[in-house]
Amino acid sequence: MTCQKTSHNFTKIAFKPLHTNLFNIVLISFFLTIGCGNLYSQEIKNKKKPLPAVKQTDKENPAITDTIKLDTVKPKKTFLDGKVRYKAKDYAKIDQKKKLITLYNEAELYYKDVELKSGIIVLNYEKDEVYAGRIKDSAGVLTQYPNFKQGSSEVQPDSIRFNFKTKKALIYNSRTKQGELNIKASVTKKENDSVYFLKGARITTAQDIDHPEYYFQTSRIKFVPGKKIVAGLTQMVIADVPTPLALPYGFFPLSKEKSVSGIIIPSYNDSNTRGFSLQNGGYYFALSDNYDLTVLGDYYTNGSYAMRFESAYATRYKYRGNVNIRFENLISSERGYPDYSKQSIYNIQWSHSKDTKSNPNSTFSASVNMGSSKYFKQSINQANIGSNLNNTLSSSISYNKTFNTIPGSRIALSATHSQNTQTEDIIMTLPSLQGSIDRIYPFVGKNGVKKGLIKNINLQYNVSGKNYFKTKDSLFFKPQMFDDAQLGLQQTIPLSTNFKIFKYFSAGASTTYQETWVNKTIQKVYDPTEGQTVNKTVNGFDSFRTYNFSTNLGTTIYGTFNFGDDKRIQSIRHVMRPSVTYAYTPSFEKYYDTYAVDASGRITSEYTRFESGIYGSPGKDNSNIVGFALSNTFEAKVRDRDSTKTEPKKIMLLNNLNFSTSYNFNADGKSTFGWQPVLVSGGTQFFDNKMNMNFGATLDPYAIDNGGNKIDKFNIDNGGSLFRMTSANVTVNYSFSNKGSGKEKEQNTQSRRNGGRSDDLFGTNTDLNDSRNSQFANEPEKDDVITEFFNSKVPWDMTLAYSLTYSNIKRESTISGNSLMISINTDLTPKWKAGVSTGYDFVQKGVTFTQFRFERDLLSWRMAFNWQPLGTNSNWNFFIGIKSGMLSDIKWNKRSVSNR
């Protein structure tokens, strides 16, 4: 008996416990009722001996009795104790004799946590089994592969046979994905819900499991979903070519967690100066979901070694950060040879940021980059010219707290560090205290209106404290560093006001009282033994007090030059902001003493005991200075080329053009001059803000003598021009590409963190122990084809930087600096990237830093080659390895070691 079903609606089958005699009848009848709408029944024959009949007497006729035979057969559990839903596009066929239900074409079956989709599904409800397989399309090609899903496990085989009762399955050519791993096996036996046995299997991270670019071939596998894969003899196959790389067994850990702990396999290398080495080996600790730890190390046969500790941490809506600690013990050559050297270098980096949502009234942040001054020049694991050329390392750790008081107040604790890598000088404050109380307007009435000279009078209170260290790299955190520490406290009370004069002029006046305390002062005495004046340190708190006065006057002048609405340039707008300032500071001679210059004591000189203090020293001479400044901006209205637009387009011609100078009324014309040089600076942008140009010049009004020394005589009175240009500079930066208005190029984050440039004009930062950085990062997958042969668009971007410096302090009139730097990156094909950074110094007549970068996306692999052919830092680095983090230890990394 057959019936057909073409509807796409689901059909539900519900099974309930029945007597064994009735089960087949009810089951078959139920199926036939769903499929055809006909009911079938058969006679029930009870072969077992019945129980005694129960007699029931008729009230009207006591002689008549009724007997009911009770069934003694024990109920049997049905094989399906849940609801079954199924559907098929072509038909659902029920074979009553063979106890089969056949679903054909886009068949689907759902039972409990089992989901099965396939071209054909056959359910044997007598044996409690289901079979699924492919079907042929009109061209005779097998299509509609089965998709078997149970819980979180999903398999895509050629065919599958599954028993609902035992939960066992036999799967042919199964395909499954576990995290980053794709697994295919010729035969798979499902032992239970948690264990699978695979035969003739391949494991890969390639997306195309049927035609992978590489895989691990093994004959037998025990597979525990979400936990592990244990394999027998495992051999690596690349491009269907077996390699000699094989292991007697393989273990692939699987976890639902984002990361798991594991060993990091080191790479082999060799160096002419340090011998053979194992590098970048260690262990990764997945300590929790909030933080981790990576421990890496290098070892060279000549005794050199390096250790690195890297940790990242984050708590959602609270904070995030990372810590890098690097130490290297470098030995060059062998003991006894003339070129033998030994030194230890280190670097500590810490970055921390707090989410403002966690507590808006307090913040904590850290940006630390400190260590040996020569670390970035000599490190065997860092290749970053931008960091090498940087002369300053800086760090800052700060905590800020705002108090919701009236008036408002805030406090900040910080620790700062500044290190010159050339002189190896270190300046550090540990800690530094800053406190302040908001402005108070004592003469403002209840209405809160601040208008006029009196009502705008306001005062503040600021306090600053420092524990100050100035030392050398070699003495960092040694006893002498702490012995030379200076401690100071400074309190400042500024009083100011502002008001309008004649409606168009803004005026302001202020006075500041300052009190400074220090824990150390000096005393200068003549030492007859040494025959010179020496400084003696006097321990104990001492203080001095100063005050000053200043006022300013400024306005804004607008000018517009109209050329007509029919002109291309309709108008130019010029905005000028002139300002005049006056500052007066009296003399504080009372803090000055005299000391003998020679043994006779007749020649004396003046000094203050607060010299070299962390907050400076009080001035001996009064200061009486007036300053002049003028800032300008130029903007144009240009008719848009699009005729449909009625409004003109605004274009910035000059972002700023600034002039500033000052005059000192107390100048003596010998050590100080009345007029200070005129400082000129400006900047503008071109080509839709893609090109930035900045320029500056210093114009000195005084002349110089034949020896090149400045004299108290104006240059125009000495037969020259009004001003003498002593220096000038121009810098131009231009970045452009043909990639359109997409995502901007990734910034050189690690280089910027190391203190280098954020662009790649000095190349990209290369962390030689970290191969995860890729030029293909955050890019969508692309096919390695060019669709338009004659009009193909090859993406590229370019950055140009030009710098020119002119010097004429003593009539030398020379170009002291003239260099051009360029960086170009391009996609040769969708899978090939190339880049170059180089430049030319026109003064030194030589090529500056040069780096070539190449990278190939090999689908599940990545290949990269960096080459720096010139200079003392010349080196090359080649890498090829699997992208997947799970198999990142399968790689080959070869590099040269520079002579650093």
Side-chain angles (χ1 to χ4, degrees), residues 145 148 153-161 168-257 259-268 278 280-284 771 858-863 879-894:
Y145 284 71
F148 178 84
S153 299
E154 186 174 358
V155 182
Q156 296 175 338
D158 289 351
S159 61
I160 184 171
R161 182 179 176 185
K168 294 183 178 182
L170 199 61
I171 307 167
Y172 298 91
N173 288 331
S174 64
R175 301 166 186 82
T176 183
K177 186 175 181 65
Q178 291 290 316
E180 296 180 271
L181 296 180
N182 287 318
I183 307 166
K184 181 180 179 180
S186 57
V187 180
T188 302
K189 182 180 179 182
K190 181 178 181 294
E191 190 67 21
N192 50 50
D193 290 341
S194 60
V195 178
Y196 292 77
F197 293 98
L198 286 69
K199 182 179 180 182
R202 58 175 61 172
I203 304 171
T204 182
T205 57
Q207 296 299 316
D208 188 353
I209 184 64
D210 292 315
H211 303 92
E213 53 269 23
Y214 87 99
Y215 57 89
F216 295 94
Q217 181 70 47
T218 181
S219 58
R220 296 181 180 180
I221 283 181
K222 180 180 180 181
F223 170 38
V224 180
K227 293 185 178 179
K228 60 184 177 181
I229 297 174
V230 181
L233 179 64
T234 304
Q235 184 179 23
M236 190 175 190
V237 180
I238 299 177
D240 293 328
V241 178
T243 68
L245 301 176
L247 293 173
Y249 69 92
F251 180 80
F252 301 87
L254 303 175
S255 176
K256 297 180 181 178
E257 304 295 332
S259 58
V260 294
S261 301
I263 297 174
I264 300 174
I265 306 299
S267 60
Y268 163 81
L278 290 176
N280 305 319
Y283 198 86
Y284 174 76
S771 59
L858 299 171
L859 300 179
S860 52
W861 291 67
R862 184 174 72 86
M863 181 177 68
F879 168 84
I880 185 170
I882 297 177
K883 292 180 185 177
S884 170
M886 179 177 291
L887 302 177
S888 60
D889 291 327
I890 301 175
K891 62 185 178 181
W892 189 65
N893 194 357
K894 180 68 175 177

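Quick caveat: nothing in here was measured; it's all calculated off a predicted structure. Start at 1 with the first residue, then count along the sequence.
Annotation: side chain of I229 is in contact with side chain of L181 (closest heavy-atom distance under 4.5 Å). With a 4.5 Å cut-off on side-chain heavy atoms, K891 and F879 count as touching. A 4.5 Å side-chain heavy-atom check between I880 and L858 finds at least one atom pair inside the cut-off. The shortest side-chain heavy-atom distance between I890 and M236 falls under the 4.5 Å cut-off.
No donor-acceptor pair under 3.5 Å is formed between the side chain of R862 and the backbone N or O of K883. The backbone N or O of Y214 lies less than 3.5 Å from a partner atom in the side chain of T204, making a donor-acceptor pair. Side chain of T243 to backbone of V237: no donor-acceptor contact under 3.5 angstrom is found. Under a 3.5 Å cut-off, the side chain of Q217 and the backbone N or O of A201 do form a donor-acceptor pair.
By the 6.0 Å contact criterion, OH on Y145 is enclosed, its count of non-hydrogen atoms from other residues, nucleotides or ligands being greater than 12. Within 6.0 Å of OH in Y249 there are 12 or fewer heavy atoms belonging to other residues, nucleotides or ligands. Within 6.0 Å of NZ on K894 lie more than 12 heavy atoms contributed by other residues, nucleotides or ligands. By the 6.0 Å contact criterion, NZ on K177 is enclosed, its count of non-hydrogen atoms from other residues, nucleotides or ligands being greater than 12.
Note that CD1 of I171 and CZ of F197 are 13.0 Å apart. Values are rounded to the nearest 0.5 Å. Here NZ of K184 is found 11.5 Å from CD of Q156. Values are rounded to the nearest 0.5 Å. A distance of 10.5 Å separates CG of D240 from CD of E213, quoted to the nearest 0.5 Å. Of the inter-residue distances, the one linking D208 atom CG with L859 atom CG reads 9.5 Å to the nearest 0.5 angstrom. Taking NZ from K168 and CD from E191, the interatomic distance works out to 4.5 Å, rounded to the nearest 0.5 Å. For the atom pair CG of L170 and OG of S159, the computed distance is 8.0 Å after rounding to the nearest 0.5 Å.
Scanning all heavy atoms of the two residues, the minimum distance from T234 to F216 falls at CG2-CB, 3.8 Å. The two residues A206 and P212 come nearest to each other via the heavy atoms CB-CB, 3.8 Å. For I209 against R202, the heavy-atom pair with the smallest separation is O-NH1, 3.8 Å. When all heavy atoms are compared, the tightest approach of G232 to T218 is N-OG1, 3.5 Å. Closest heavy-atom contact between N280 and I264: O-CG2, 3.6 Å.
If you check the side chains of S174 and T188, you find a donor sitting under 3.5 Å from an acceptor.
A salt bridge links D158 with R175; the closest basic N to acidic carboxylate O contact falls under 4.0 Å.
Ring geometry for F223 against Y196 counts as tilted: the plane angle lies between 30° and 60°, on a 0 to 90° scale.
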Open item on the list: What verdict does the side-chain contact (heavy atoms from CB on, under 4.5 Å) test give for T205 and L887, after you've listed the backbone C-alpha separation in whole Å, the side-chain angles of each residue and the deciding distance to 0.1 Å?
Closed with: CA-CA 9 Å; T205 57; L887 302 177; 3.7 Å; yes

